[in-house]
Amino acid sequence: MIEESREVIRKRAALHMNDPAIEQYRDELINILSQNEDETIQFLKNCSKDELIWVSEVFEEIACNLQSTEYINTLKECDKKYPELKLTNIIKTAISYMD
């Protein structure tokens, strides 16, 4: 799962910002990171700053699928680890996606 996620992120990062294939890679990443809460949390705790930037595009969808407080807590930890990414508002939006 970790390597699969990294591969999707690598492919997504290589695309031009207007490339319509972006949606395909976003959907793939959402599907991968919504399958197993524990593995997703481990991935987030160990991903690089650059990887986290790309995953932040889909925080909300993953939050909606996982419905996990632990996932949200992990996002908050990532925000503290990389404050320069300014993830706070994205995380607040992800929280709003939970039931």
With side chain to side chain contact (heavy atoms under 4.5 Å, CB included) as the test, would you mind laying out the steps for Trp54 and Glu57 before giving the verdict?
-> CA-CA 6 Å; Trp54 295 111; Glu57 291 184 342; 3.7 Å; yes

Would Glu28 and Lys11 count as a salt bridge (Lys or Arg N to Asp or Glu O under 4.0 Å) if you check the C-alpha gap in whole Å, the side-chain angles of each, and the deciding distance to 0.1 Å?
-> CA-CA 11 Å; Glu28 280 186 51; Lys11 289 177 182 177; 5.9 Å; no

Full working for side chain to side chain contact (heavy atoms under 4.5 Å, CB included) between Glu60 and Ile90 | CA-CA 8 Å; Glu60 299 96 337; Ile90 299 169; 4.0 Å; yes

Should Ile2 and Asn46 be marked as a side chain to side chain contact (heavy atoms under 4.5 Å, CB included) after you check the CA-CA gap, both sets of side-chain angles, and the distance that decides it?
-> CA-CA 10 Å; Ile2 290 173; Asn46 295 300; 5.8 Å; no

For side chain to side chain contact (heavy atoms under 4.5 Å, CB included), just list the numbers for Arg26 and Leu29, CA-CA rounded to whole Å, side-chain angles, deciding distance to a tenth of an Å, and then say yes or no.
-> CA-CA 5 Å; Arg26 284 175 46 93; Leu29 196 57; 5.8 Å; no

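In terms of heavy-atom proximity, Asn36 sits nearest to Glu39 at OD1-N, 2.9 Å. Considering every non-hydrogen atom in both Tyr25 and Val8, the closest pair reads O-CG1, 3.4 Å. Contact record, Ala94 with Ala63: O-CB, 3.4 Å, taken as the closest heavy-atom pair. Nearest heavy atom pair, residue Met98 against residue Thr69, reads CE-N, 4.0 Å. The heavy-atom pair separating Asn18 from Ile22 by the smallest distance is N-CD1, 4.5 Å.
Atoms CG and CD1, on Leu33 and Ile9 in that order, are 7.0 Å from each other to the nearest 0.5 Å. Atoms CG and OG, from Leu75 and Ser68 in turn, are 9.0 Å apart once rounded to the nearest 0.5 Å. One finds the OG1 atom of Thr40 at 12.0 Å from the CD atom of Glu70 (value rounded to the nearest 0.5 Å). Put simply, CD on Gln42 and CD on Glu37 are 11.5 Å apart, with the number rounded to the nearest 0.5 Å. Distance OH/Tyr71 to OG/Ser34: 7.5 Å, rounded to 0.5 Å. Note that OH of Tyr97 is 6.0 Å distant from CD of Glu61, once rounded to the nearest 0.5 Å.
Taking the charged nitrogens against the carboxylate oxygens, Lys80 and Glu77 have no contact shorter than 4.0 Å, which rules out a salt bridge.
Side-chain contact between Leu85 and Asp79 is absent, with no heavy atoms from C-beta onward closer than 4.5 Å.
If you chain together hydrophobic residues whose side chains sit under 4.5 Å apart, Ile41 and Leu87 never meet in one group. One hydrophobic cluster holds both Phe43 and Ile53 under the rule that ILVMFWY side chains link at heavy-atom gaps under 4.5 Å.
Remark: the backbone N or O of Ala21 is not paired with any side-chain donor or acceptor of Gln24 at under 3.5 angstrom.
Residues passing the salt bridge (charged side-chain N to carboxylate O under 4.0 Å, His left out) test with Arg10, sequence neighbours excluded: Glu7.
Atom NZ of Lys81 sits in a crowded spot, with more than 12 heavy atoms from other residues, nucleotides or ligands closer than 6.0 Å. In the displayed structure, Tyr82 atom OH is contacted under 6.0 Å by more than 12 heavy atoms of other residues, nucleotides or ligands.
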